[in-house]
*Asks:* 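Once you've had a glance at the structure underneath, I'll fire off some questions.
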Protein chains: 2
Amino acid sequence: MSTATHNAEALAQKLADSGLRSTPQREVVYDVLLRKRDHPTADEVFARVKSGLPSISLATVYNCLETLVQCDLVRAVNFERSPTRYCPNLRPHAHFHDEQTGKTHDIDLPPELLEKVSSVLPVGYDAKSVEIIFRGKATKSVASGG
Amino acid sequence: MSTATHNAEALAQKLADSGLRSTPQREVVYDVLLRKRDHPTADEVFARVKSGLPSISLATVYNCLETLVQCDLVRAVNFERSPTRYCPNLRPHAHFHDEQTGKTHDIDLPPELLEKVSSVLPVGYDAKSVEIIFRGKATKSVASGG
DNA sequence: CTTGCGCCTTAGAACCATTCTAATTTGTTG
DNA sequence: CAACAAATTAGAATGGTTCTAAGGCGCAAG
């Protein structure tokens, strides 16, 4: 059994778990992500997928990616590429993004935690900054820190 | 001396350090950020600024925000918005974003680190996910992890 | 005080990733 | 084969951000 076949079956299983179908488009998109793990954008996935499935559309690539994310097979990651929110708090802090209210809260960080986090970097990686983002909900109404 | 005046002077100083001028627009934008620390978007800043400076343009708000970020007076934070990247690595990991090459690398995380990081959340914050992003440069050529 | 030069601001167009819409195709079930 | 649901498609629409070209303003030199 080839790896691609194996992946296709695992994919079909996961999709079925969510009541979704396996389709050639979904298989190829997933395969592209597994083949080269360089965190491609949707456009890059589109370009790669077209070599195996020339008729696929960009909209479908977006649809497939979203489907894969919903099935917990793929993670969506956002990097910079356009500052969205601004805060004047210059002390070390993380951000908590409340998915229910859309509000963002600063979370103070003890300096030694940042050190600890940075210490996971292998030799050869020189980090200039670290960003920590929590997502979830604030169960009680918490002070806005304004 | 009012707080606003104090901020304006600190701002002027910081701007001067970078060879830039203090302007009414820059002062008002900075003041808006200090007044309500709810991580506003550029559009929100624009709306607030207009009440004090009705003639200001959105482009200027963007310019001012970028200037403030460059002077280390304000931090830009990205959430959802922005070209999304996708990765099929489901194990706990952080991302290292190499600013020179634009490439992204997975950094494996020991599970206890995620616990430690999550433990900084005060009572009332219930995080569903944590994202850790390093930015910097990879000094040696490191394996791409592909 | 006037002139010149460069920094800032401005409006609106351009850009680009993403989402939406409406129509077609595909697959499944009876 | 018929009917219905799910998925794909092309292209238009959306929306935040950046770019462009033109005008305004302040500072320095004369």
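Convention: sequence-line order gives letters A, B, ...; per-chain numbering from 1. The model shown is predicted, which means the values in this text are computed figures rather than measured ones.
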*Asks:* Is T60(B) close enough to dT10(C) that one of its side-chain N or O atoms is under 4.0 Å from OP1 or OP2 there?
*Replies:*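 So the side-chain polar atoms of T60(B) do come within 4.0 Å of the phosphate oxygens OP1 or OP2 of dT10(C), strictly under.
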
*Asks:* Which whole-number value in Å describes the distance from K50(A) NZ to dA10(D) C1'?
*Replies:*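 It works out to 13 Å between those atoms.
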
*Asks:* Can you tell me how far P of dA7(D) sits from OH of Y30(A), to the nearest Å?
*Replies:*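 For the pair Y30(A) OH and dA7(D) P, the rounded distance is 18 Å.
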
*Asks:* Atom CZ of F46(A) and atom P of dA17(C): how far apart are they, to the nearest Å?
*Replies:*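 The answer, rounded to whole Å, is 12 Å.
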
*Asks:* For H95(A) and H93(A), test the side chains for any donor-to-acceptor distance below 3.5 angstrom and give the result as yes or no.
*Replies:*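 Yes, because at least one side-chain N or O of H95(A) sits under 3.5 Å from a partner of the opposite role on H93(A).
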
*Asks:* Choosing from dA11(C), dT18(C), dA10(D), which nucleotide comes nearest the side chain of A59(B)?
*Replies:*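 Nearest to the side chain of A59(B) among the choices is dA11(C).
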
*Asks:* Specify the residues of residues 14-28 of chain A, ordered by number, for which at least one heavy atom lies under 4.0 angstrom from an atom of DNA chain D.
*Replies:*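 Those residues whose heavy atoms fall under 4.0 Å from DNA chain D, taken from residues 14-28 of chain A in numerical order, are L20(A), R21(A), T23(A), Q25(A), R26(A).
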
*Asks:* Nearest whole Å is fine: how far is dC15(C) P from D43(A) CG?
*Replies:*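 Taking CG of D43(A) and P of dC15(C), I get 16 Å after rounding.
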
*Asks:* Any side-chain N or O of S55(B) below 4.0 angstrom from OP1/OP2 of dT10(C)?
*Replies:*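 For dT10(C), OP1/OP2 do have a side-chain N/O of S55(B) under 4.0 Å.
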
*Asks:* Can you tell me how far P of dA10(D) sits from CG of L58(A), to the nearest Å?
*Replies:*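 Rounded to the whole Å, the gap is 10 Å.
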
*Asks:* Hey, is the side chain of Y62(A) poking within less than 4.0 Å of OP1 or OP2 on dT18(C), counting only N and O atoms?
*Replies:*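 Answer yes for this pair, as a side-chain N or O of Y62(A) is under 4.0 Å from OP1 or OP2.
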
*Asks:* Which nucleotide in the set dT10(C), dT9(D), dG16(D) lies at the smallest distance from any side-chain heavy atom of N63(A)?
*Replies:*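 Nearest listed nucleotide: dT9(D).
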
*Asks:* Do D38(B) and R48(B) sit within salt-bridge range, that is, some charged N less than 4.0 Å from a carboxylate O?
*Replies:*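 Yes, charged N to carboxylate O under 4.0 Å.
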
*Asks:* Could you check whether S18(A) and Q70(A), counting side-chain N and O atoms only, form a donor-acceptor pair closer than 3.5 Å?
*Replies:*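 Checked: Q70(A)/S18(A) side chains show no N/O donor-acceptor pair below 3.5 Å.
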
*Asks:* Check V130(B) against S118(B) and note the closest heavy-atom contact, atom names and distance.
*Replies:*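 Here V130(B) and S118(B) meet closest at CG2-OG, 3.7 Å.
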
*Asks:* Taking CD1 from I56(A) and P from dA7(D), how many angstroms apart are they, rounded to a whole number?
*Replies:*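 For the pair I56(A) CD1 and dA7(D) P, the rounded distance is 14 Å.
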
*Asks:* Write down the distance between CD (Q70(A)) and C1' (dA7(D)), rounded to a whole number of angstrom.
*Replies:*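 These atoms are roughly 14 Å apart.
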
*Asks:* So that I can tick it off, tell me whether K14(A) and D72(A) are bridged by a salt bridge, with the cut-off set at under 4.0 angstrom between side-chain N and carboxylate O.
*Replies:*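 A salt bridge is absent here (no side-chain N lies under 4.0 Å from a carboxylate O).
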
*Asks:* Could you tell me how far apart E44(A) (CD) and dT18(C) (C1') are, to the nearest whole angstrom?
*Replies:*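 For the pair E44(A) CD and dT18(C) C1', the rounded distance is 15 Å.
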
*Asks:* Testing V120(A), D126(A), L121(A) one by one against F96(B) for a side chain to side chain contact (heavy atoms under 4.5 Å, CB included), which residue passes?
*Replies:*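 Passing option: L121(A).
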
*Asks:* Where do D106(A) and H39(B) land on the side chain to side chain donor-acceptor pair (under 3.5 Å) test, with the steps shown first?
*Replies:* CA-CA 9 Å; D106(A) 287 357; H39(B) 307 81; 2.5 Å; yes

